[in-house]
Enquirer: 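Dropping the structure in here first, questions after.
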There are 2 protein chains.
Amino acid sequence: MPPPKTPTIYDVARLSGVSIATISRALNSPDKVNPETRTKVMEAIDRLGFVPKAEARARALQSANRIGVITPFFTAPSFVQRLRGVAGTLSRANYELVIYPVDSVEHMQGYISSIPIMGNLDGLIIMSLAIEKTDARRLIENGMQTVLIEFSHEELNSIIINDEQGGRMVAEYLIQKGHKSLGFLGDIEPPERYAIHPVKSRLEGFKKTLEEAGVSFPKKNIKQALYSQENSRQAAYELLSMSSRPTALFAASDIQALSVMKVARQLNLRIPDDLAVIGFDDIDMADYVDLTTVRQHLDESGRLAAEMVLARIRDGSRALQHINLPLNLVERATV
Amino acid sequence: MPPPKTPTIYDVARLSGVSIATISRALNSPDKVNPETRTKVMEAIDRLGFVPKAEARARALQSANRIGVITPFFTAPSFVQRLRGVAGTLSRANYELVIYPVDSVEHMQGYISSIPIMGNLDGLIIMSLAIEKTDARRLIENGMQTVLIEFSHEELNSIIINDEQGGRMVAEYLIQKGHKSLGFLGDIEPPERYAIHPVKSRLEGFKKTLEEAGVSFPKKNIKQALYSQENSRQAAYELLSMSSRPTALFAASDIQALSVMKVARQLNLRIPDDLAVIGFDDIDMADYVDLTTVRQHLDESGRLAAEMVLARIRDGSRALQHINLPLNLVERATV
DNA sequence: TGTTACACTGAAAGTGCTTTCATTTTTTCT
DNA sequence: AGAAAAAATGAAAGCACTTTCAGTGTAACA
């Protein structure tokens, strides 16, 4: 007994009495084939249990229609929103989304070196990770269309924001609102080697502007806090229970601003009367809780990134782009 | 500038002055080719950075080490948390995560019919989507290891919760807290054909318990509201500006509970004194804003689902599992 | 020295699908 | 009814490899 071969497009063609081209069309662009024919074809397909083989398809198409995203803890709200932008664009363009969550340095290394080799990705988006020269080279040499978000590299497309300017905006706004005693809470020194340092820049801009305006900003008003809820709360608590507590707090991310708000609530501090809080990112949740914050267009960054890879996949000769996304201060109810 | 095409076996052949067949052999059965020739070939391969794509794919086909997740708007917090569970487990097991965001009926149909087919997925997790018999059959026939979350099917693994019981828990709790006038807000009738109806069940349980306890629950206290922020706010507003406004509101999802809270704030209603709010899901954010809610172990559901597919991939003979995850009422500060 | 065996190698035929191009059929318009 | 336009279809040419088949050239043997 011969092995029960899985049916191919040829079997379907024979059974339904049309050419393989028509089968292919019935499957991929149904509008280009007569409804009746299509029905016949579909019946044959069902009867045989036909299933187009991905490998063959990818070969013929010369693309897997799949793009990958490398990102640290992709479930943090800000990353999720970026991903949302990516996913929307990709889905519309009929591309698959493969996620590579990075939770360690080796992970990242491994991904970068093996991904292009696997050769089943058409493009790559790398979020919020610093990539080294050799890794970049490898990507480029393998012709992998790549775009970086929140990090830039001469030879790769990138989308960034001006974190320092963001810090300045916050400082200016707070000063203008009459605050004289300010505090800062954020993850200034991420431990990972591949981490980037946007928070540092935000603090820098913030600090400089305060200095320039002659507003005192003692070291003790700056609190390092990991992204985690517990850690942020602890830091917020320390900041808010100082003898001369600041009247306004700049949290380097919205999530951390929420922690501050929670602690303030526990301490019976009214916001914004007793304490002004301002965040950074403008995640969805910021609107829900009326948090004043700096919008960095997260969804948009993802959308743009996806559009850039897609564009480059279609036309590899496109010039490199380095996009600097604008920042806006969104006034809500916490300042 | 020509696009940096990735080299093919032809390029290698040209460079090393042999035929493509020899290249192929040098790679796949080295013993059948003259060592000198082989050396020449390998040099050319290295020089071009050639990577046999089909081979990689073929290997990948044996086991793609890749599992897919079909989910509606995967960026909604509750889905993200499930994904977080999935991703954690997968990443540890060295599996890739492919996300298929469903935004329309056809999408879903398309995925289910083409995914198993494509044969480049080892397993599949389908979240919060009702799948039809024929689709389930197709999955089973193609030997695709599948687990369903929030929906169950006799022949597929599934992880569900008891939504009705969740509704009952909320009602009991609210009654016990002395509330006599209750309201409900949720997306009772999702429009999509593939949608599931957990909210309906939650409402049912809620309603029944109230009836049994003799607490009146007029129709006008039930508001249908889409998941969207705007829609939820509108509904909350209507509910809260009725002449005899309820003293407690059950929002069928935390996100919608947040909308209720926002509207309450605008209306100058104090929570929980003027209005009690209780949600459902226990997303991360619930803790941040001290929302009382029903925990449905989102992360855990994802983790479990991933573990189930993985287990089944390793041992296809494993018995089907239908897991019913427990629900807990988490008391925080909004009731 | 003439055969034979053998190790290498290239041409070419698959592999299962997509897509272009040309052809046929149908529809629309005058 | 006839011409022009539009729709539907099939033939065939890829796609990037693998594998078979039929040679080559050379070493080994009688």
Side-chain angles (χ1 to χ4, degrees), chain A residues 3-42 44-45 48-66 94-95 116-122 142-143 313-314, chain B residues 3-42 44-45 48-62 113-120 142:
Chain A
K5 293 284 289 175
T6 73
T8 75
I9 203 172
Y10 291 91
D11 302 315
V12 181
R14 206 173 309 121
L15 183 63
S16 51
V18 298
S19 75
I20 59 164
T22 301
I23 310 294
S24 176
R25 269 187 294 253
L27 253 17
N28 300 303
S29 33
D31 50 307
K32 288 190 177 176
V33 32
N34 187 316
E36 279 175 41
T37 318
R38 188 171 135 73
T39 308
K40 262 195 316 195
V41 170
M42 291 320 255
I45 286 180
L48 293 174
F50 165 75
V51 159
K53 277 121 205 115
E55 200 213 343
R57 182 162 204 273
R59 195 183 337 125
L61 275 173
Q62 302 207 84
S63 107
N65 263 236
R66 177 181 303 143
N94 237 312
Y95 270 72
I117 291 178
M118 302 291 277
N120 44 184
L121 237 42
D122 300 326
N142 281 290
I313 287 169
R314 288 195 202 96
Chain B
K5 289 284 289 179
T6 74
T8 76
I9 203 173
Y10 290 90
D11 301 316
V12 181
R14 205 172 310 119
L15 184 61
S16 50
V18 299
S19 75
I20 57 163
T22 300
I23 310 293
S24 177
R25 269 189 292 255
L27 253 18
N28 301 304
S29 34
D31 50 306
K32 290 188 175 177
V33 34
N34 186 315
E36 279 176 43
T37 319
R38 189 172 134 72
T39 309
K40 262 196 318 197
V41 171
M42 292 320 257
I45 286 180
L48 292 173
F50 165 74
V51 165
K53 287 153 206 168
E55 205 228 350
R57 185 157 299 128
R59 211 186 333 210
L61 260 174
Q62 290 242 337
S113 51
S114 72
I115 283 174
I117 297 166
M118 307 288 276
N120 49 181
N142 282 288

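Reminder, nothing fancy here: chain letters follow the sequence lines and each chain counts from 1. Computed over heavy atoms, backbone and side chain alike; hydrogens, waters and symmetry mates excluded.
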Enquirer: Counting the atoms with a prime plus P, OP1 and OP2 as sugar-phosphate, which does A/Ile20 contact under 4.0 Å by heavy atoms, base, sugar-phosphate, or nothing?
Expert: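 The answer is base, as A/Ile20 lies within the cut-off (heavy atoms under 4.0 Å) of a base atom.
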
Enquirer: Output one line per pair: protein atom, nucleotide atom from nucleotides 22-28 of chain C, and distance, for all N/O pairs under 3.5 Å.
Expert:
none

Enquirer: Hey, can you pull the residues of residues 31-39 of chain B with a non-hydrogen atom under 4.0 angstrom from DNA chain C?
Expert: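 Contacts with DNA chain C under 4.0 Å: B/Asp31, B/Lys32, B/Val33, B/Asn34, B/Thr37.
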
Enquirer: Rounded at 0.5 Å granularity, tell me how far CG in B/Leu27 sits from CD1 in B/Ile9.
Expert: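 Between B/Leu27 CG and B/Ile9 CD1, I get 7.0 Å after rounding to 0.5 Å.
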
Enquirer: Provide the closest heavy-atom pair for B/Pro30 versus B/Arg38 in the form atom of the first, atom of the second, distance.
Expert: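 Residues B/Pro30 and B/Arg38, closest heavy atoms: CB-NH1, 3.7 Å.
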
Enquirer: Just the rounded figure in Å: distance from P of D/dA11 to CD1 of A/Ile9.
Expert: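 Taking atom P of D/dA11 as the reference, CD1 of A/Ile9 is at 14 Å.
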
Enquirer: Looking at residues 10-17 of chain B, who's got a heavy atom less than 4.0 Å off DNA chain D?
Expert: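 Nucleic-acid contacts, sorted: B/Tyr10.
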
Enquirer: Rounded at 0.5 Å granularity, tell me how far OG1 in B/Thr22 sits from CG in B/Asn34.
Expert: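 Reported to 0.5 Å precision, the distance equals 10.0 Å.
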
Enquirer: Using modelled atom types only, decide if a donor and an acceptor are shared between the side chain of B/Ser16 and the backbone of B/Val12 within a distance under 3.5 Å.
Expert: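 Answer holds: yes.
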
Enquirer: Residues in side-chain contact (heavy atoms from CB on, under 4.5 Å) with B/Thr39, at least two apart?
Expert: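 Listed in chain order: B/Glu43.
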
Enquirer: Using a 3.5 Å distance criterion without hydrogens, assess whether the side chain of A/Thr37 forms a donor-acceptor pair with backbone atoms of A/Val33.
Expert: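 No; judged by distance alone, with no hydrogens or angles, the pair does not exist.
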
Enquirer: Testing the basics here: between A/Val41 and A/Ala26, what is the closest heavy-atom pair and its distance to 0.1 Å?
Expert: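 For A/Val41 versus A/Ala26, the nearest heavy atoms are CG1-CB, 3.9 Å.
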
Enquirer: What's the CG-P distance between A/Leu48 and C/dC17, to the nearest Å?
Expert: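 It is 12 Å, rounded to the nearest whole Å.
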
Enquirer: Is a side-chain donor or acceptor of A/Asn65 paired with a backbone partner of A/Tyr95 at a separation under 3.5 angstrom?
Expert: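 Checked: no pair found.
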
Enquirer: Taking five pairs at each end of the helix from C/dT1-D/dA30 to C/dT30-D/dA1, what angle separates the two helix axes (nearest 10°)?
Expert: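 Taking the rotation axis at each end, their angle is 40°.
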
Enquirer: Quick test of your reading: applying salt bridge (Lys or Arg N to Asp or Glu O under 4.0 Å), list the pairs with at least one residue in residues 9-35 of chain B, sequence neighbours left out, ordered by first then second residue.
Expert: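 For residues 9-35 of chain B: B/Asp11-B/Arg14.
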
Enquirer: Classify A/Ser24 by what it touches in the nucleic acid, base, sugar-phosphate, or nothing, heavy-atom distance under 4.0 Å.
Expert: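 The residue A/Ser24 makes base contact.
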
Enquirer: In whole angstrom, give the distance that lies between atom CZ of A/Arg57 and atom P of D/dA16.
Expert: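 So the CZ-P distance, A/Arg57 to D/dA16, works out to 16 Å.
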
Enquirer: With nearest nucleotides of DNA chain D determined for A/Arg25 and B/Thr22 from heavy-atom distances, which residue corresponds to the more 5′ nucleotide?
Expert: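 The residue closer to the strand's 5' end, by nearest nucleotide, is A/Arg25.
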
Enquirer: Round to the nearest Å and state the distance from B/Leu27 atom CG to D/dT19 atom C1'.
Expert: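 One finds 15 Å between C1' of D/dT19 and CG of B/Leu27, rounded.
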
Enquirer: Please state how far atom CG in A/Asn28 lies from atom C1' in C/dC17, giving the value in whole angstrom units.
Expert: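 One finds 9 Å between C1' of C/dC17 and CG of A/Asn28, rounded.
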
Enquirer: Any idea which of C/dC17, D/dT19, D/dT18 is nearest the B/Ala21 side chain?
Expert: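 That would be D/dT19.
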
Enquirer: Which distance, rounded to the nearest 0.5 Å, do you find between the OG1 of A/Thr8 and the CD1 of A/Ile20?
Expert: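 Answer rounded to 0.5 Å: 8.5 Å.
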
Enquirer: Do the side-chain N or O atoms of A/Thr8 get closer than 4.0 angstrom to the phosphate oxygens (OP1, OP2) of C/dG16?
Expert: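 Checking C/dG16 against A/Thr8, no side-chain N or O comes under 4.0 Å of OP1 or OP2.
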
